Amino acid sequence: MKPCLKRAERKMRIEKAQEYGATVVFTFSNTVTHIIADKDIKYNEILEFLQLTEIPEGIAVTNPRWPGDCIRYGKLVDPKDFWYQVPGCPTESQQRNPLQDAPISEPIGGHSSLPSSPPSSLQVQPRPPPKQQPETPTNSQKDALDEAIEECLTTTPINIEDFLGSSSSSDTESSPESSPKRRKKASSSSSNSARDWQSHFQCMHKHTGALNPENPNSRTIQILEEMMQIYDSLKDQWRTRSYRIAISTLKSSNTTYISTYEQAISLPGVGDRLAKKIVEIVSTDRLQRLEYAKLDPKDQILKLFHGIYGVGLVQARKFVAAGYTTLEDIKKNATLTEPQRIGIERYSDFKQRIPREEVKQHGDIVSTALKTIDEKVQSHVMGSYRRGAKDCGDIDIILTKEGAGVEELHEVLEKLVEKLFDRKFLMCGLAIARHDDGTKWHGASRLEGEGKPWRRIDFLVVPGEEIGAAFLYFTGNDVFNRSMRLLASKKGMRLNQKGLYKDVVRGKNREKLNEGTLLESKDEKKIFEILGVPYRPPEHRIC
DNA sequence: AAACAGTTGGG
DNA sequence: CCCAAC
DNA sequence: GTTT
Ligand SMILES: O=c1ccn([C@H]2C[C@H](O)[C@@H](COP(=O)(O)OP(=O)(O)OP(=O)(O)O)O2)c(=O)[nH]1
Ligand SMILES: [Mg+2]
């Protein structure tokens, strides 16, 4: 009915229903057995649409979840079930017994009256499965993203975006030069035009741009993103990566509604499993695996434990295996490292986002204290703050000084930390440089005042010569960094927080046998340049 | 089967 | 060395 | 989970 943007999606579901024997009509008549309304359509809107004053007895009114579930369970489930109700539906007279209010029970048929006696209440009139005719919504709007992409394409010899957008692919058989032969300044390599495809940032992620409802696959994307977040919270980094890549290609194919297995699996980054999931989403509007995962109590606990600073995959699993279910359990019974102990103590503090303004305040305090130690040492707030985020997960600060080496700066760091402890700004250390050449300090800080939460704060000590690489690293985001580094390694180079190196020799299992020779470390932009990546300001480094 | 980034710090 | 974090 |  209403949401035009969902036309393609709706069409898919209609065709699916027909495939299973339904006859679909759009006006009311006495042959109608079920009325399926789009999500968020109200009961009285249905009446209006059908020009009725009431729905005759014996006709089921449901949301689109019902046909989806029927297909899923291979039978007609009870359309009266809670899950399928249309908002505003008056029928809620004496619904089921209050006992049944358990939220866990899945919609599988209860029993009631109603016409839908088992097989056949829909007018069964088997039709041949309709051929898909993928929709191509009139939607060729360009947005900021596209502009950025185009800019890249004009200046990008190879498919840089494959790495940065991480849609990968392309380097398949067709690669004219799979052999590691590259001319130095390949600025016009332009290889084949056979592959001007894709290229996309996936930079439109949740925080920044909200999802793009113009995309015909927005529902699929939304569900896959939920799946990805679950895997992320469980620290399954590989699945998370795969979902991210697949989602990114879906976002880029924003003119085609992906509805069949063949369509899906032909997309780069989408394999058998994800293609099946996409088909399930498209035909049922849900993903069973997701709903199950959301409820899995074990996953919930794992997620809780992973939220503790210092607790990762292995520890969290051990805690669960030991039967712990709450933070109190762990605190009382488990053997913890000191950082973990603090992580539990400050669990809720550390989980809160930090308003941008407060990040700045922390940065200013550090900066001020620094001046009393060494005028020439500068501090820079990095991380999500530098990328312009409205709120940050922590405070990331680089300490640097022109011409200085780590040893000198390390001393400054120690003095700084001492001073800030004295001032009751720093509350604890969590991971601190062990040697005189240590470069990082992780801890917690807090503003003055009643009830101020502790904040995670990270210092990174950076010799003047490495400031470019360090800025690149500490600005992130993490996905962007990994993309850049992967790209570097594919070009026979190595990128880390100290610099960009060439002639890296990698041995047997990719292990590096060779540090490589330094190409650049002082100038952030030059690193982009050498890698052949068009420069991107921090705000655009969100992948 | 192995890679998917490359590094520093706790214990 | 393994684990966790950036 | 996907690609090589
Ligand atoms: O696995 C990682 C994590 C982080 N970083 C870099 C990029 C990142 O931007 C910076 C700071 O890390 P942090 O964890 O603070 O991320 P953030 O980008 O600042 O986001 P948040 O707002 O969650 O702090 O360190 C990496 O290179 N790899
Ligand atoms: Mg941060």
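Remember, it's a predicted structure, so these values are computed and weren't measured experimentally. Proteins come first, then strands; the chains are lettered A, B, ... in the order of their sequence lines, and each starts at number 1. When reading the values below, keep in mind they use all heavy atoms of this one structure, side chains included, and skip hydrogens, waters and symmetry mates.
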Which nucleotide, C/dA4, D/dG1, B/dG6, lies nearest any side-chain atom of A/Val314? C/dA4
Between A/Thr325 and A/Asp329: side-chain donor-acceptor atoms closer than 3.5 Å: yes
Quantified in whole Å, what is the P atom distance between nucleotide B/dT7 and nucleotide D/dG1? 31 Å
Rounded to whole Å, OH of A/Tyr231 lies from P of B/dC4 at a distance of 22 Å
Using heavy atoms and a sub-4.0 Å distance, could you list which residues of residues 462-473 of chain A are near DNA chain B? By number, please. A/Tyr473
Categorize A/Arg456 for me: base, sugar-phosphate, or nothing, with a 4.0 angstrom heavy-atom threshold over every strand shown. sugar-phosphate
Closest of C/dA5, D/dG1, B/dG6 to the A/Tyr243 side chain is D/dG1
With a 4.0 Å limit, can you tell me whether A/Lys235 has a side-chain N or O closer than that to the phosphate oxygens OP1/OP2 of C/dC3? no
Which part of the nucleic acid, if any, lies within reach of A/Ile265 when heavy atoms closer than 4.0 Å are counted: base, sugar-phosphate only, or nothing? nothing
A/Asn481 near the nucleic acid: base, sugar-phosphate alone, or nothing, with a heavy-atom cut-off under 4.0 Å? nothing
Checking A/Asp478 now: which residues fulfil side-chain hydrogen bond (donor to acceptor under 3.5 Å, both in side chains) with it, not counting sequence neighbours? none
Which is true for A/Leu460 with a 4.0 Å heavy-atom rule: it touches a base, it touches only sugar-phosphate, or it touches nothing? nothing
Nucleotide nearest A/Lys440 when distance is taken to its side chain, options D/dG1, B/dT8, C/dA4: B/dT8
A/Lys498 has its side chain closest, among B/dT8, D/dG1, C/dA4, to B/dT8
Would you indicate which nucleotide in B/dT7, C/dC6, B/dA5 comes nearest to any side-chain atom of A/Gln497? B/dT7
Report the residue (A/Trp441 or A/Gln237) whose heavy-atom-nearest nucleotide on DNA chain B is the more 5′ of the two. A/Gln237
Sugar-phosphate, base or nothing in reach of A/Asp478, heavy atoms under 4.0 Å: nothing
Quick note, side-chain hydrogen bond (donor to acceptor under 3.5 Å, both in side chains) partners involving residues 264-274 of chain A, not counting sequence neighbours, are A/Tyr261-A/Asp272, A/Asp272-A/Lys276
Under 4.0 Å from any atom of DNA chain B, heavy atoms only: list the residues of residues 425-439 of chain A that qualify, in numerical order. A/Leu430, A/Ala431, A/Ile432, A/Ala433, A/Arg434, A/Gly438, A/Thr439
Check the distance between C/dA4's C1' and A/Leu302's CG and give it to me in whole angstrom. 16 Å
Taking atom types as modelled and ignoring hydrogens, do the side chains of A/Ser445 and A/Arg455 form a donor-acceptor contact shorter than 3.5 angstrom? no
A/Phe480 has an atom CZ; how far is it from atom C1' of B/dC4, in whole Å? 18 Å
Without decimals, in angstroms, what is the distance between A/Leu413 CG and B/dT8 C1'? 14 Å
Among B/dG6, D/dG1, C/dC6, find the nucleotide with the atom closest to the side chain of A/Asp396. C/dC6
Side-chain donor/acceptor of A/His306 to backbone N/O of A/Ser233, under 3.5 Å: yes
Could you check how far CZ of A/Arg341 sits from P of B/dG10, rounded to whole Å? 16 Å
Does A/Lys277 reach a base, just sugar-phosphate, or nothing at all? Heavy atoms under 4.0 Å. sugar-phosphate
Nucleotide B/dG6, atom P - distance to CG of A/Leu486 in whole Å: 8 Å
Within this structure, what is the CG-to-P distance between A/Leu267 and D/dT2, rounded to whole angstrom? 12 Å
Mind checking the P distance from C/dC2 to B/dA3? Whole angstroms is fine. 15 Å
Does A/Arg273 contact D/dG1 through a side-chain donor or acceptor facing the base, at a distance under 3.5 Å? no
C1' atoms of B/dA1 and C/dA4, separation to the nearest Å: 26 Å
Any residue meeting side-chain hydrogen bond (donor to acceptor under 3.5 Å, both in side chains) with A/Arg346, in chain and number order, not counting sequence neighbours: A/Asp349
Can you confirm whether more than 12 heavy atoms, excluding those of A/Glu402, are under 6.0 Å from its CD atom? no
Looking only at C/dC6, B/dG6, D/dG1, the nucleotide nearest the A/Trp238 side chain is D/dG1
Using the side chain to side chain contact (heavy atoms under 4.5 Å, CB included) criterion, which residues pair with A/Ala389? Sequence neighbours excluded. A/Ser384, A/Cys392
N/O (side chain, A/Arg239) to phosphate O (OP1/OP2, D/dG1) under 4.0 Å: yes
Could you please name the option among C/dC6, B/dG6, D/dG1 that lies closest to any side-chain atom of A/Asp458? C/dC6
If you look at every strand shown and take non-hydrogen atoms under 4.0 Å, does A/Lys276 touch a base, only sugar-phosphate, or nothing? nothing
